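Side chains are part of it too, since the values below use all heavy atoms of this structure and drop only hydrogens, waters and symmetry mates. As the structure is a computational prediction, the values presented were derived from the model and not from experiment. Residue numbers begin at 1 in each chain, while the letters A, B, ... track the order of the sequences.
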Amino acid sequence: MARVVVDVMLKPEILDPQGQAVQRALPRLGFDGISDVRQGKRFELEVEGPVDEAALARIHDLAESFLANTVIEDFTVKIEEVAEAVK
Amino acid sequence: MSRTPLDTVEHAAATPDVELPWAELGLKKDEYERVVEILGRRPTGAELAMYSVMWSEHCSYKSSKVHLRQFGEKAPQSDALLVGIGENAGVVDVGQGYAVTFKVESHNHPSYVEPYQGAATGVGGIVRDIIAMGARPVAVVDPLRFGAADHPDTKRVLPGVVAGIGGYGNCLGLPNIGGEVVFDACYQGNPLVNAGAIGVMRHEDIHLAKASGAGNKVILYGARTGGDGIGGASILASETFDDAKPSKRPAVQVGDPFQEKLLIECTLEAFKEKLVVGIQDLGAAGLSCATSELASNGSGGMRVTLDDVPLRDSTLSPEEILMSESQERMCAVVEPEKVDRFLEICDKWDVIATVIGEVTDGDRLEIYWHGGKIVDVDPRTVAHDGPVYERPYARPSWQDELQADDANKLPRPGTSEELKQQVLQLVSSPNQASKKWITSQYDHFVQGNTVLAQPEDSGMIRIDEETGLGVAIATDGNGRYAKLDPYAGAQLALSEAYRNVATTGAKPLAVSDCLNFGSPEDPAVMWQFAEAIRGLADACQQLGTPVTGGNVSLYNQTGEAAIHPTPVVAVLGVIDDVARRTPVAFQEEGQLLYLLGDTREEFGGSAWSQVVHDHLGGLPPKVDLERERLLAEILISASRDGMIDSAHDLSDGGLIQAVVESALLGGKGARLVVPDGLDACTFLFSESAGRAVVAVPRSEELRFNDMCGARGLPVTRIGVVDGDSVELQGEFELSLEELRTAHEETIPALLK
């Protein structure tokens, strides 16, 4: 079985209040040297059957219409091999 | 990567032949030529950016200005008006040393593109207008219009808009106390998201948007400037949506209510210490608007160093910085010796603040970038001397036909059973059904001063705990009436809001309006617009309630199809003691129900004609402003002297809609009798204006009748509060349970 990962990020020009809150908190907590933080969402989809082009197209559709708000967000779709049960 | 040389003023003068993308920025050819004429050379890229956003329809009111003048010319003499049209928001004296500022604005196009953020930043923008006057925001209201309730796109837009308003307002800790929700197919693709806010201050705290005193510093504070909403003003708000150009879509702003909350507290603290000479919020057209308006309203010029603007994205060009509509920013003018203290306060609230320039002796607005002068203009030419169009207007050819299609000739219910079914059909129709699903997503009672909120006739806020002084606000607008007759429709919107304020016991004082129309380039739409303004200005003059400000939203149309002309009118009123308010809900069984005013056969544009017959035609109800004034006086006196225990204004849906709402809210039924001389259908469904239903305790019956008689207001006893059903004698009886199901399940079912 394969896993498909959809990463959703706010577009670069869009304000990210959550990321900013994290960034402001970092130096307060003693973590220096971080100049910017952007926060996004990661979806892990367990796919039934083979992850062929048709399946990816379907996932692309669902990501575009449901997982991401493409007016303000970008997304990427990638396949992640799931390690088989340990020997 | 090769770098083009910085387009400075010198560079522009030396390279007159460089082609600039004025058309892409929304300027027309003759407008661009005027810019060249004003400057005596081609504009720099930055100057072009400023002119293009400031001369857009949204910022310059170029199509509407010639008509809007009537609000000033016909303004009634009012002692209550402290600040009128032209500032960020109007200010009204409400007594006891308090002043109240309020305004309604539109955020229609952004809310269609991105419902949540569009509606949220709409709330943010109107709240900053209130802060900019020196007031503490105390409440918001949201008049909304969506496409057909069962259209799939309504399911996308409505929940997003409602969540956005709730999310932003709730985070700010502002109660949402009023507004409306209307569905009509004409708003498909052009939903109307209007947002209003009220703020309270002491008289001496009023602040204005002007930059005076050479040497005073210009401070930009709040959020960093990013690439969001660039060109929003010129591109998003001022052109018709065109499916062929999806590139316009990303001009969306994202709001941060917690930043705005800090901005409110920080600004109010600076006001309290008298650190601010002039102030302006950054809304549409961002820094272009703030710098040019502050400078042109003040006595001198202004010099700004754009390099000092804190950025979220270091790759932004100066043009983009000037046009960015990043939210939660404000611009203050502060005397040099007070700058340190101002910055200290900002630091305390964790608000980024930077001196970006200063007020100068001259009369030029000069902006520098990387050492070069990229803007050198007379700020008045940017802010105030935009183009003014006398757009052609003409009564549309279909108007006569529409008005001739008389709704009074529609078939009436023939049997009692049919009448009963029509009542159920009406109270369960999307426009008449309970909006609890929507309004329950807003916080009504935060801050603990909310006296009345939806579904009351007006929202009411207590502003002084000791004396009980309060203010009430109602927003109304009926696009169906305005389509049938824009002049009367605008007056009916004012009449209804005025009546709603009075029904709760408050005295109407002043008006703000949000005028939503189609494309001004269509003479029929322009006629509707001109008529609506003429109607509203005439009516405000007669009722003595001046228009204090507002906004115009044009181009609400897709292709040829414009929305119904929709003037939304907000009326602000004052009540000496909020304990004397009158609620909608029936309070006690046995109280007598009186109908105030005259009922005529008036079905044109009515909810009944829409729900039962899917019809729009004829003439809207007759306007009688003197009657509205008399009715308001009676309602206010009766409330003050404790003569009535509940009152509800009659508007869309007519008498039965009002009675059902009062009954359901109070959990007490009513027995009604059709008065002599009326048929049951007219009695229940007619929408004659200037009417209200009141519940009078038996002990007050005589006094109440005497008062109405002495002042010449027609009153008709129509029944009694009683039982757990609404009964029309000899016709039908509907249990409260049955009515509640019909009334309350519609909206949740549609949006499931």
Got a sec, which residues hit side-chain contact (heavy atoms from CB on, under 4.5 Å) with Asp52(A), two or more places apart in sequence or on another chain? Pro50(A), Ala54(A), Ala55(A)
Using non-hydrogen atoms and a 4.5 Å limit, figure out which bit of Gln20(A) sits close to chain B: side chain, backbone, both or neither. side chain
To the nearest 0.5 Å, what is the distance between CG (Asp256(B)) and CD (Gln18(A))? 10.0 Å
If you draw a 6.0 Å radius around CZ in Phe258(B), do more than 12 non-hydrogen atoms from other residues or ligands fall strictly inside? no
Would you say that more than 12 heavy atoms from the other residues, nucleotides or ligands in this model lie under 6.0 Å from the CD1 of Ile34(A), or not? no
So which atom in Gly255(B) and which in Pro17(A) form the shortest heavy-atom distance, rounded to 0.1 Å? O-CG, 3.9 Å
Around atom CD of Glu53(A), are there more than 12 heavy atoms of other residues, nucleotides or ligands at under 6.0 Å? no
Counting only heavy atoms from other residues, nucleotides and ligands, does the tally under 6.0 Å from CZ of Arg58(A) exceed 12? no
Sort by residue number and list every residue of residues 306-321 of chain B having at least one heavy atom under 4.5 Å from chain A. Arg312(B)
Asp36(A), part contacting chain B, at a heavy-atom distance under 4.5 Å: neither
Look up atom CD in Glu328(B) and atom CG in Leu15(A), then write down how far apart they are to the nearest 0.5 Å. 7.0 Å
Tyr221(B): which residues meet the side-chain hydrogen bond (donor to acceptor under 3.5 Å, both in side chains) condition with it, sequence neighbours left out? Thr267(B)
With Phe75(A), which residues qualify under ring-ring contact (aromatic ring centres under 6.0 Å, His included), at least two apart? His60(A)
Step-by-step side-chain contact (heavy atoms from CB on, under 4.5 Å) determination, Val71(A) to Gln117(B): CA-CA 10 Å; Val71(A) 177; Gln117(B) 296 297 345; over 6 Å; no
